[in-house]
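Quick note on labels: first sequence line is chain A, next is B, and so on, each numbered from 1.
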Amino acid sequence: MENLDIARNHLLAPTGLSDEDINKALSEALGGSIDAADLYFQSTTRESWSLDDGIVKDASFNLEHGVGVRAMSGDKTGFAYSDDIAMSALLESSRAARSIAKSTGVNEMQSWRVQTGHTLYTPDNPLSVLNENEKMDLLRAADTTAREADPRVKQVMVSLVGTHEVILIARSDGTLAADVRPLVRFNVSVIAEQNGRREQGSMGGGGRYDYKEFIASDAANEFSREAVRQALVNLEAKDAPAGNMTVVLGPGWPGVLLHEAIGHGLEGDFNRKGTSAFSDRIGERVASPGVTVVDDGTLPNRRGSLNIDDEGTPTQCTTLIEDGILKGYMQDRLNGQLSKTASTGNGRRESYAHQTMPRMTNTYMLAGDCDPEEILASVDNGFYAVNFGGGQVDITSGKFVFSASEAYMIENGKITYPVKGATLIGDGPDVLTRVGMIGNDLKLDTGVGTCGKEGQSVPVGVGQPTMRIDGITVGGTQA
Amino acid sequence: MSTTLDKTINDESLKSLLSQAVEYARANGADQVEVAASNDKGYSVTARLGEVETVEHHNQRSMGVTVYRGKAKGSASTNIVTAEAINRTIDSALEIAKFTAEDECSGLADAELMAKDYPQLDLDHPWAIEPDQALQQAIRCEEVARDDKRIVNSEGASVSSISTQMVYANSHGFAGEYRGTRHSVSCSVIAGDDKGMQRDYWYSVDRNANNLEDIESVGAMARERTVRRLGGRGMKTCSAPVLFEPTLARSIVGHLFSAISGGALYRQASFLVDSINKQVLPDWLTITEDPHMIGGLGSVPFDNEGVRTQPRKVVENGVLQGYILSSYSARKLGMQTTGNAGGVHNVRMNDSGKSQQELIKAMDKGLLVTELIGHGVNTVTGDYSRGASGFWVENGEIQYPVEEITIAGNLADMFMNIGAIGNDVDGRGNVQCGSILIENMTIAGGS
């Protein structure tokens, strides 16, 4: 109930909107042949501080609010939104959203029922736990650490970003739900130079907690040293190989492979429409025995976690692949209903001005039983990638890429020398069938993922243990 | 949509709100201040499998302010565009500027650079079409796209129409405003055979709906582009010439602009640091920027700092003539702003006078790339490695579709190895160019 009280005070009280008004707006949206309607009230405050060239030269503060109205009829959706949280704007948006309705119907607003969610994070404003000077000190400490770490460090960029978001969801089935979401992020990026050659390294992290966690975890020092280490490794890197080879992926963030290779392809909208390379394949083998992959929105304080999704459904841990067999898709309410299953708590949207879609939360592979050293030792000639940039997938053909930013060659079971970053390309439904060994070192990423789909960005997490893939194409320059 | 919106989309009142904001900031401790606001209104409709799928009404406002106390900067923004909310936003920015460090290079662009009088660029062409009619067009577009047995599914066809108003004011006394429209038609369909599914798309976009490609030809292009991808094969790893379709060639030019942008240069985060007056492209190639192109998708009368934009040559005969600078990055580099706060505007280049067909023939053996995925481009080093699909060319003719491959090289070499640019110019974006032929790249494949 606490979150609901906060949301009412924050979103409704200033404009004088009552539950009765919300009821009226939803009833308006339900006109005609509309099956269901929902309102999404949102208020977001966000700040960012950045250090560049040794000084904290810029910071910004952003405040936004608004309400989105969605009306659904079968697989048709009408959507409108307003940055004005007021009755007239709400009614107008409701009428615009229901314009997809063609006939008259009899659907009525159900009586209110409060849906509570998990308590995975605290509702307190994460921006206000440090004062301005303390925030700037954090940035400056990271700058100093990076510059003192090695004289080859020429540039250091540090940023601190915090968001505090309050949402209230009201649905025509009577569901009333609220969430208050903190999200913070700290990032260090450096450029090192040696004999005229420049390379970069970057490290960051964050989650649904407050800035004090960065002090407790010594993030300014940890992230700085790691960013410098990466840049220095890259200064020594040789050109990457080109062609099909055995690849060992490190634990943690390399799990972006799972996000691209199978995650998107298992989102409910693509499968309901039959446009995914994974459509109609539930029950089939899509991975080696021992491979189990879940999407879990219930991990405390994680960047991809949510107490409730953006439709008011509590998040859950959904098994996508179990021991190599495809088990399930990720659903929002609309696609769940149309597929005759239920929402898995994966209905997400970037903001009130965007439509809900099935999206991932924290997607990761469970640990196996191999020692990571043993996995490396098993490779005669291969590519070992431990850090990655982003990735992308064509869910229809199943082809996906992800780009390594720190990688090494493996020869006779030993890491020999660093190689430049390269893009890896594979086929989603095929790649996990080539998993040869799975490590016992499951790690989640540090909280840096942002997923883009149809122009909408949402924070996500990934993770995996060390893993050997027996054959994937590495896109370097050395043919 | 609402009454408050009608009040603020009115240009005079939004402009006067911003002028009041400048006064408020000056009166409350700002030595300099700039305020920008925008308002987007419109809709997009999508039809899938012959029926309406979504109707989406857009109505988005935003306002941002930057203040300077001496040389210390603070910024704030909001989507609540009322006098009271704007003042609160300015208060936030002023508070931040009490803490940020003084930076000699910060501040507004110099007063004499303001676009005191700016040209009318013919950017505003509202489309008198209701969502229902737009939907009928989308349905027809998709119907044409699906008119082939091999098209087995569809992601739908969309029609969208957006009007934008931009207002900018600063404490030099400059206040400017312009409006523009952007209409588009797009369609994406899926072809299938026993080996799997392939998706491709086509679109048309213009400021004036009368200039949009015919709705049926958008559908037909989407269909043809999708069907031809069926039967894609893997490839053996090799080195070969690569021809980028115009839609992708644009991204190659985009990488050049990222590498010569002020922010990357003053941080030494570019492989083209200190490249001014140096040869970066073949000597037959000249690249121009024309912010004043009539009706251009990238046209703007002034940049994000109120600086008057001007046509110029960025690269002449392969030699870099100027960087992409805002007033801040210019000062960091000891130079003058190029009017590019916010980016480049209508980039064009000379071509080799040959069609794509002729370029394929001239290439003889190599790869025609029609899709790129991933983000494997490093502006610091120039290293380039991206996922690709397209067609293998031999004996000057397309042989078969290829997929699950990567193409790699270093951008500095790729730029110098541009062998030809086609006359098949794609005018649908801010960068307008034809197919680009790069003489040699590494292609990695799994077969």
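- A distance of 9.5 Å separates CG of B:L372 from CD of A:Q392, quoted to the nearest 0.5 Å.
- Within a 6.0 Å radius of CD in B:Q133, more than 12 heavy atoms belonging to other residues, nucleotides or ligands are found.
- Residues B:I96 and A:F61 have side chains in contact (heavy-atom distance under 4.5 Å, counting atoms from C-beta outward).
- Proximity to chain A (any heavy atom under 4.5 Å) is restricted, for B:S154, to the backbone atoms N, CA, C and O.
- When heavy atoms are compared at a cutoff of 4.5 Å, B:K98 does not approach chain A at all.
- You'll find the side chain of B:E53 reaches within 4.5 Å of the side chain of A:K273, heavy atoms only.
- Interface remark: B:Y266 contributes backbone and side-chain atoms alike to the contact with chain A (heavy atom separation under 4.5 Å).
- For chain A, the option among B:N410, B:T406, B:I407 with the highest count of heavy-atom pairs below 4.5 Å is B:T406.
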Exercise. Give the C-alpha distance, both sets of side-chain angles, the deciding distance and a yes or no for side-chain contact (heavy atoms from CB on, under 4.5 Å) between B:I80 and A:H65.
Key: CA-CA 7 Å; B:I80 311 169; A:H65 74 200; 3.6 Å; yes
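- Under a 3.5 Å cut-off, the side chain of A:R198 and the backbone N or O of B:F271 do not form any donor-acceptor pair.
- To the nearest 0.5 Å, atom CG of residue A:D84 and atom CG of residue B:N79 are 10.0 Å apart.
- Shown here for B:G445 and A:T473, the closest heavy-atom pair between the two residues is C-OG1, 3.7 Å.
- Remark: the backbone N or O of A:G475 is paired with a side-chain donor or acceptor of B:S385 at under 3.5 angstrom.
- In this structure, chain B has a heavy atom under 4.5 Å from the side chain of A:Y352, while its backbone stays farther away.
- Contacts of B:S270 with chain A are made by backbone atoms alone, with heavy-atom separations under 4.5 Å and no side-chain atom involved.
- Looking only at distances, no side-chain donor or acceptor of A:N62 sits under 3.5 Å from a matching main-chain atom of B:A76.
- How far CD of A:E132 is from OG1 of B:T100: 10.5 Å, rounded to the nearest 0.5 Å.
- Looking only at distances, a side-chain donor or acceptor of B:T78 sits under 3.5 Å from a matching main-chain atom of A:L63.
- Using a 4.5 Å heavy-atom cutoff, the side chains of A:T396 and B:E155 are in contact.
- Of the two parts of A:F400, only the backbone, made up of N, CA, C and O, holds a non-hydrogen atom closer than 4.5 Å to a non-hydrogen atom of chain B.
- Taking both residues in full, the closest heavy atoms of B:A269 and A:I191 are given as CB-CD1, 3.2 Å, listed atom of the first, atom of the second, then distance.
- In this structure, chain A has no heavy atom under 4.5 Å from any part of B:A93.
- A:K399 and B:E403 are joined by a salt bridge, as a carboxylate oxygen and a charged side-chain nitrogen come within less than 4.0 angstrom of each other.
- Residue contact with chain B, scored on non-hydrogen atoms closer than 4.5 Å, is absent for A:M72.
- Between B:E104 and A:K57, none of the side-chain N atoms (NZ, or NE/NH1/NH2) sits under 4.0 Å from a carboxylate O, so this pair counts as no salt bridge.
- Looking at heavy atoms from C-beta onward, A:D394 lies in side-chain contact with B:E371 at the 4.5 angstrom threshold.
- In terms of the side chain to side chain donor-acceptor pair (under 3.5 Å) criterion, residue partners of B:D103 (sequence neighbours excluded) are, by chain and number, B:Y328.
- The minimum heavy-atom distance between A:A353 and B:Q60, with the atom names listed, is CB-NE2, 3.5 Å.
- Of the listed residues (A:G471, A:G389, A:G274), the greatest number of heavy-atom pairs within a distance under 4.5 Å of chain B belongs to A:G274.
- One distance of note links CD of B:E404 with CD1 of A:I472; it measures 8.0 Å at 0.5 Å rounding.
- In this structure, the portions of A:I425 lying under 4.5 Å from any heavy atom of chain B include both its backbone and its side chain.
- Heavy-atom pairs under 4.5 Å with chain A peak, among B:C238, B:S77, B:S62, at B:S77.
- Heavy-atom distances place the side chain of A:Q155, and not its backbone, under 4.5 Å from chain B.
- Between A:D75 and B:R48, no side-chain nitrogen of the basic residue sits less than 4.0 Å from a carboxylate oxygen of the acidic one, so the salt-bridge criterion is not met.
- A pairwise comparison of heavy atoms in A:G476 and B:A408 identifies O-CB, 3.3 Å as the closest pair.
- Using a 4.5 Å cut-off between heavy atoms, A:D53 touches chain B through its side chain atoms alone.
- For the atom pair A:S397 OG and B:R199 CZ, the distance stands at 7.0 Å (nearest 0.5 Å).
- Residue B:S92 touches chain A through its side chain alone, counting heavy-atom pairs closer than 4.5 Å.
- With sequence neighbours left out, the side-chain contact (heavy atoms from CB on, under 4.5 Å) criterion links A:S405 to A:N387.
- In this structure the side chain of B:F99 reaches within 4.5 angstrom of the side chain of A:N133, judged on heavy atoms.
- Formation of a donor-acceptor pair under 3.5 Å by the A:Y81 side chain with backbone atoms of B:N59 is found in this model.
- Counting heavy-atom pairs closer than 4.5 Å to chain A, the top-ranked of the candidates B:K73, B:M235, B:R267 is B:R267.
- A:S99 and B:H57 make their closest contact through OG-NE2, 4.0 Å (heavy atoms, listed as atom of the first residue, atom of the second, distance).
- Interface residue A:A277: only backbone heavy atoms are found under 4.5 Å from chain B.
- Only the backbone of B:A388 comes within contact range of chain A, with at least one heavy atom under 4.5 Å from a heavy atom of that chain.
- Top candidate by heavy-atom pairs under 4.5 Å with chain A, chosen from B:V380, B:I373, B:T54, is B:I373.
- For A:D52, the part lying under 4.5 angstrom from a heavy atom of chain B is the side chain only.
- When side chains are defined from C-beta on, A:T275 does not count as touching B:M197, because their heavy atoms never get closer than 4.5 Å.
- Each of B:T379, B:T381, B:N378 was checked for a side chain to side chain donor-acceptor pair (under 3.5 Å) with A:Q200, and the lone residue meeting it is B:N378.
- Taking both residues in full, the closest heavy atoms of A:N244 and B:G446 are given as ND2-CA, 3.7 Å, listed atom of the first, atom of the second, then distance.
- Within the 4.5 angstrom heavy-atom criterion, only backbone atoms of B:I405 (N, CA, C, O) approach chain A.
- With values rounded to the nearest 0.5 angstrom, B:S75 atom OG is found 12.5 Å from A:E47 atom CD.
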